[in-house]
Amino acid sequence: MNDQEIKRALDKHWAASDAYDFEEEHQIYLDDAVLEYPQSGERISGRHKIQASPSAQPNKKRFDVRRIVGSGDLWVTEYVLTYDGKPSYTVSIMEFRDGKVVRETQYFGDPFAPGPSRSRWVERIV
């Protein structure tokens with residue numbers, strides 16, 4: 001796959017994630033893909049287990065993709081993952097092999113109050 005095809009596959013993946021289309025969402029993964037959540041120390045091995053994981057969660061989720069950047073076999077998506085109305089700023093790093101994801105690592109950051117010591121230099125973003 002070339003970069004444009006991978007970008008389209010990622011757009012389709014994140015749109016399916018937001019639409020709760022678990023079958024389409026997980027077409028991007030190889031059968032032996034690995035998904036890691038370093039902050040919780042979890043690793044899920046295999047596309048079918050990766051697919052089963054979100055379908056078992058009772059939370060209402062929304063995915064708001066901010067940007068996707070990458071080239072070749074390494075792609076990064078920045079997005080806001082909102083669980084039951086609470087946003088978490090998220091980075092997904094995906095490694096591709098043969099046009100499919102072989103490894104994904106997701107990092108989550110909860111919002112926090114701005115530091116007063118930076119206030120004179122800061123422009124607030126939403």
Side-chain angles (χ1 to χ4, degrees):
M1 290 180 97
N2 65 37
D3 286 356
Q4 290 177 339
E5 292 169 320
I6 290 176
K7 173 65 167 66
R8 280 193 296 272
L10 285 165
D11 287 338
K12 195 173 182 180
H13 165 76
W14 295 115
S17 297
D18 192 52
Y20 292 87
D21 184 346
F22 299 121
E23 187 63 36
E24 183 64 44
E25 175 183 9
H26 295 89
Q27 291 300 313
I28 201 166
Y29 297 100
L30 286 170
D31 286 341
D32 62 344
V34 174
L35 171 60
E36 292 187 345
Y37 302 110
Q39 290 157 294
S40 63
E42 296 173 278
R43 175 181 296 130
I44 304 172
S45 298
R47 183 173 64 84
H48 295 293
K49 289 180 184 177
I50 294 169
Q51 182 175 352
S53 174
S55 61
Q57 292 177 344
N59 309 73
K60 288 283 190 188
K61 298 182 292 188
R62 296 306 314 247
F63 294 79
D64 179 20
V65 174
R66 297 286 178 97
R67 70 180 177 147
I68 299 172
V69 295
S71 176
D73 292 336
L74 186 61
W75 289 79
V76 176
T77 303
E78 291 180 47
Y79 61 100
V80 179
L81 175 58
T82 304
Y83 274 104
D84 295 331
K86 183 181 177 205
S88 184
Y89 295 86
T90 309
V91 174
S92 166
I93 302 169
M94 291 182 167
E95 299 172 46
F96 283 77
R97 182 178 73 215
D98 301 326
K100 298 273 189 175
V101 174
V102 67
R103 181 180 198 82
E104 179 180 14
T105 305
Q106 292 185 4
Y107 296 94
F108 302 88
D110 291 334
F112 56 89
S117 63
R118 297 186 299 270
S119 64
R120 63 181 162 188
W121 301 292
V122 171
E123 178 182 330
R124 293 298 308 258
I125 59 174
V126 178

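These numbers were taken from a predicted model, which means no experiment stands behind them.
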A.B. asks: Check P111 against P87 and note the closest heavy-atom contact, atom names and distance.
C.D. replies: CD-O, 3.2 Å
A.B. asks: Could you tell me whether K100 atom NZ has more than 12 heavy atoms of other residues or ligands within 6.0 Å of it?
C.D. replies: yes
A.B. asks: Shared ILVMFWY cluster between I6 and L30, side chains joined below 4.5 angstrom?
C.D. replies: no
A.B. asks: Tell me the closest heavy-atom pair linking Q51 and F22, and the distance in Å.
C.D. replies: NE2-O, 3.6 Å
A.B. asks: Classify the ring geometry between W14 and Y79 as parallel (under 30°), tilted (30 to 60°) or perpendicular (over 60°).
C.D. replies: tilted
A.B. asks: With rounding to the nearest 0.5 Å, note down the distance linking CD1 in I50 to NE2 in H48.
C.D. replies: 10.5 Å
A.B. asks: Are there more than 12 heavy atoms of other residues, nucleotides or ligands under 6.0 Å from atom CD of E5?
C.D. replies: yes
A.B. asks: Can you confirm whether V65 sits close enough to T77 that some side-chain heavy atom of one is under 4.5 Å from a side-chain heavy atom of the other?
C.D. replies: yes
A.B. asks: May I ask you to decide if I44's main-chain N or O and Y37's side chain share a donor-acceptor pair within less than 3.5 Å?
C.D. replies: no
A.B. asks: Ion pair present between D73 and R97, side-chain N to carboxylate O less than 4.0 angstrom?
C.D. replies: no
A.B. asks: Roughly how far apart are I68 CD1 and R8 CZ, rounded to 0.5 Å?
C.D. replies: 12.5 Å
A.B. asks: Following the transitive rule for hydrophobic clusters with a side-chain heavy-atom cut-off under 4.5 Å over Ile, Leu, Val, Met, Phe, Trp and Tyr, establish whether V69 and M94 coincide in one cluster.
C.D. replies: no
A.B. asks: Tell me, with the steps shown, if I28 and K12 meet side chain to side chain contact (heavy atoms under 4.5 Å, CB included).
C.D. replies: CA-CA 9 Å; I28 201 166; K12 195 173 182 180; over 6 Å; no
A.B. asks: Could you pull out the closest heavy-atom pair between R47 and H26, with the gap in Å?
C.D. replies: CD-O, 3.1 Å
A.B. asks: Step by step, would you call Y29 with E104 a side-chain hydrogen bond (donor to acceptor under 3.5 Å, both in side chains)?
C.D. replies: CA-CA 9 Å; Y29 297 100; E104 179 180 14; 2.5 Å; yes
A.B. asks: Do you know the tightest heavy-atom contact between F108 and S88?
C.D. replies: CB-OG, 3.5 Å
A.B. asks: Is there side-chain contact between K49 and L35, with at least one heavy-atom pair below 4.5 Å?
C.D. replies: no
A.B. asks: Is S117 reaching over with its side chain to a backbone N or O of G115, donor-acceptor style, under 3.5 angstrom?
C.D. replies: no
A.B. asks: Above 12 or not: heavy atoms from other molecules or residues under 6.0 Å from CZ of R43?
C.D. replies: no
A.B. asks: Are there over 12 heavy-atom neighbours, none belonging to Y107, within less than 6.0 Å of that residue's OH?
C.D. replies: no
A.B. asks: Do W75 and M1 share a hydrophobic cluster (ILVMFWY, side-chain heavy atoms under 4.5 Å, transitive)?
C.D. replies: yes
A.B. asks: Closest approach of A16 and E25, non-hydrogen atoms and distance?
C.D. replies: CB-N, 3.5 Å
A.B. asks: With a 4.5 Å cut-off on side-chain heavy atoms, are E36 and R103 touching?
C.D. replies: yes
A.B. asks: With a 4.0 Å cut-off, would you call D3 and K7 a salt bridge?
C.D. replies: no
A.B. asks: Can you see which heavy atom on S45 is nearest to which on V34, and at what distance?
C.D. replies: OG-CG2, 4.1 Å
A.B. asks: Between L81 and F63, is the side chain to side chain contact (heavy atoms under 4.5 Å, CB included) condition met? List the steps.
C.D. replies: CA-CA 5 Å; L81 175 58; F63 294 79; 3.6 Å; yes
A.B. asks: Does any non-hydrogen side-chain atom of Y20 lie less than 4.5 Å from one of K61?
C.D. replies: yes
A.B. asks: Is K60 paired with D84 through a side-chain N to carboxylate O contact shorter than 4.0 Å?
C.D. replies: no
